[in-house]
There are 2 protein chains.
Amino acid sequence: MGTTQLESVQEPKYWHLKTVLSEALDSEFSVGEILPNERDLAARFGVARATLRQALEQLELEGRLQRRRGVGTTVAPPRMGVSLGTGPHTWPGGSEDAWQPVDCTAAVPPPAVADALETGREEPVHIVRRSRVSHGRPVAAELLYIPQPSVPELSAGIEAPSGAAHARAVLRELQRLEPERQENAVELGSAGADEAKELDRLPGAPVLVVTTRFVAGGRAAALSVATYRADTCRLTFGDSEGVEIHAGMQGQAS
Amino acid sequence: MGTTQLESVQEPKYWHLKTVLSEALDSEFSVGEILPNERDLAARFGVARATLRQALEQLELEGRLQRRRGVGTTVAPPRMGVSLGTGPHTWPGGSEDAWQPVDCTAAVPPPAVADALETGREEPVHIVRRSRVSHGRPVAAELLYIPQPSVPELSAGIEAPSGAAHARAVLRELQRLEPERQENAVELGSAGADEAKELDRLPGAPVLVVTTRFVAGGRAAALSVATYRADTCRLTFGDSEGVEIHAGMQGQAS
DNA sequence: AAGTGGTCTAGACCACATT
DNA sequence: ATGTGGTCTAGACCACTTC
């Protein structure tokens, strides 16, 4: 990586820096390789550390870098494709289902969730926590809200076992319903303290929040709120999956 | 908004600040209202401006605030739901299609695009630029790559008219193909200088990049790379659209 | 103990929109 | 001309990982 000095331009330094680094990443580094530390890099480019960091943040947001406190900055692998399974017959607990139950509690959900489920705002629901792992790394954390009427066999024990076993039991019951369709939405969010820990990231890290409303018999049978790591994941849906489209497709032609 | 002083905690100041501001936003401000300027806010909370800005950046990322240079910081409206029309029969140029053609050129696409289209890496393709507007605001910019074989009638004129009229002609030709299916992916990106201008944002602003591969007759008929404003958009697919699910569904249940 | 990235400060100046 | 957010600096200290 040359000691390329920044020309005087009417373009923010951090932006130009990002471009230079991005090119260096393509040509002179390989995946997993560690970069020089921030103080050295800043000195090498003749900028303050804060400015250098602004460029690194951008590159991390784009999934090109990975930074870990106490360790260093490494070149990130291309984002992995993660299937959303958006067909009407891919329901929680199904066979393909890549999720792993963690535990299950019963509580009153946030108002927005209650509204989407069309339950009363004070009405407790089952809340199944699940996590999703891909290529050995945690990629997503989910909260699955299930109204009592969706799993009538379990309506009694509210102060239930609350472990992974109970979560599986709830999912099994949910399977008895006949899937009709699902409604999905994805938006940008930032990881809360809890999700951050589960995803092995710092609080505030960018995440893709996928909310799915499962409909059966004209009623909302369940609501899933899944938060995916935005730095490492490319969400696919509509029978893609392994398709080799990503990275480098942004930017104007010629 | 009270002059709540920050307690000494083992939590970053900007994080705590973000929480405080977020609550104030819910209770004491209404959509469109302008906040005090950054210098005043920083002073009021007893922190440096940079720290205050870190909190504001978070809130902007989550779509709660909108900041504009020379103007001020305002409370953002809830994100608008934007349909992705992911059905096999919603093709570019169709009836529902919310996109508006801008122009059309012919050029060699980026390598990653050529690979996805299964064309040669040196082979020029039609590139249709389109923009999408919702509620009077620009929400997305698209580059539609169309191989010559997909629109055989137009294969001759490479140095073509290049205006919106020509773009429409290309889309019209594309309609003659029989839609088979489409493969979609969404990931986080940052706006380039060009896209930023079109989306009325600063370069580097977070965007949701949706890549769609249209398949007809076993071949890739076209590839769309659409960048949506991540701050204002919630992408919906699988017959949602107007569903009132968003905001406030993140976060642990009591 | 040493080295890394993460947080924070108190300033300065710039680009932009409005008046 | 004024006021806004955007960029940049040169430091300091902290939290974390590794040795």
Side-chain angles (χ1 to χ4, degrees), chain A residues 5-19 21 33-61 65-76 190-191 193 196-197 200-206 231, chain B residues 5-19 21 33-61 65-76 190-191 193 196-197 200-206 231:
Chain A
Q5 58 184 356
L6 309 172
E7 310 86 59
S8 71
V9 281
Q10 209 58 353
E11 187 185 34
K13 279 188 185 177
Y14 80 91
W15 185 264
H16 189 262
L17 203 45
K18 176 199 146 186
T19 307
L21 284 170
E33 198 168 346
I34 71 176
L35 269 62
N37 71 55
E38 297 184 349
R39 289 160 180 89
D40 284 355
L41 277 178
R44 195 179 308 198
F45 287 104
V47 299
R49 192 178 153 218
T51 304
L52 185 270
R53 277 180 60 81
Q54 223 175 326
L56 295 185
E57 264 153 37
Q58 280 272 337
L59 291 169
E60 192 178 28
L61 193 79
L65 290 180
Q66 183 158 4
R67 299 189 289 172
R68 266 179 302 182
R69 166 154 52 178
V71 180
T73 303
T74 61
V75 181
S190 60
K197 200 158 286 180
D200 191 27
R201 299 247 55 198
L202 286 180
D231 56 342
Chain B
Q5 57 184 357
L6 310 171
E7 311 85 60
S8 70
V9 281
Q10 208 57 354
E11 187 185 35
K13 279 188 185 176
Y14 80 90
W15 186 264
H16 190 261
L17 203 45
K18 176 198 145 186
T19 307
L21 284 170
E33 198 168 345
I34 70 177
L35 269 62
N37 72 55
E38 297 183 348
R39 289 160 180 89
D40 285 355
L41 277 178
R44 194 178 309 197
F45 286 105
V47 300
R49 193 179 152 216
T51 305
L52 186 269
R53 277 179 60 81
Q54 224 175 326
L56 293 185
E57 265 152 38
Q58 281 271 338
L59 290 170
E60 193 179 27
L61 194 80
L65 290 180
Q66 183 159 5
R67 299 190 287 171
R68 266 179 304 181
R69 165 154 51 178
V71 180
T73 302
T74 60
V75 180
S190 61
K197 199 157 289 183
D200 189 28
R201 297 247 57 199
L202 287 181
D231 55 343

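Below, read A as the first sequence line, B as the second, and so on, with proteins coming before strands; counting in each chain starts at 1. All values below come from the heavy atoms of this structure, side chains included, with hydrogens, waters and symmetry mates left out.
- For the pair Lys18(B) and Pro203(A), the minimum side-chain heavy-atom distance is 4.5 Å or more.
- Residue Thr73(B) places no side-chain N or O under 4.0 Å from the OP1 or OP2 atom of dT4(D).
- Per the geometry, CZ belonging to Arg69(B) stands 13 Å off C1' belonging to dC8(D), to the nearest Å.
- Listed nucleotides dT7(D), dT4(D), dT9(C) differ in distance to Pro12(A); the shortest reach to its side chain belongs to dT7(D).
- The phosphate of dG6(C) has OP1 or OP2 within less than 4.0 Å of a side-chain N or O from Arg53(A).
- Contact check, Asn37(B) against dG3(D): no side-chain N or O comes under 4.0 Å of OP1 or OP2.
- Here dC16(C) presents its P atom at 9 Å from CG of Leu202(B), a figure rounded to the nearest Å.
- The shortest distance between the side-chain N/O atoms of Tyr14(A) and the OP1/OP2 oxygens of dC8(D) is not below 4.0 Å.
- The 12-atom threshold is exceeded at CZ of Arg49(B), counting heavy atoms of other residues, nucleotides or ligands nearer than 6.0 Å.
- Rounded to whole Å, the distance from CZ on Arg49(B) to P on dA10(C) is 14 Å.
- Checking dT9(D), dT4(D), dT7(C) against the side-chain heavy atoms of Arg39(B) singles out dT4(D) as nearest.
- The shortest distance between the side-chain N/O atoms of Thr51(B) and the OP1/OP2 oxygens of dT7(C) is not below 4.0 Å.
- Using a 4.0 Å heavy-atom criterion, one finds that Arg68(A) contacts the sugar-phosphate atoms exclusively.
- One can place CD of Gln66(A) at 11 Å from P of dG6(C), the figure rounded to the nearest angstrom.
- Residue contacts for Leu56(A): at a heavy-atom cut-off of 4.0 Å it reaches no nucleic acid atom on any strand shown.
- The side chain of Val47(B) has dT9(C) as its nearest neighbour among dT9(C), dC8(D), dG5(D).
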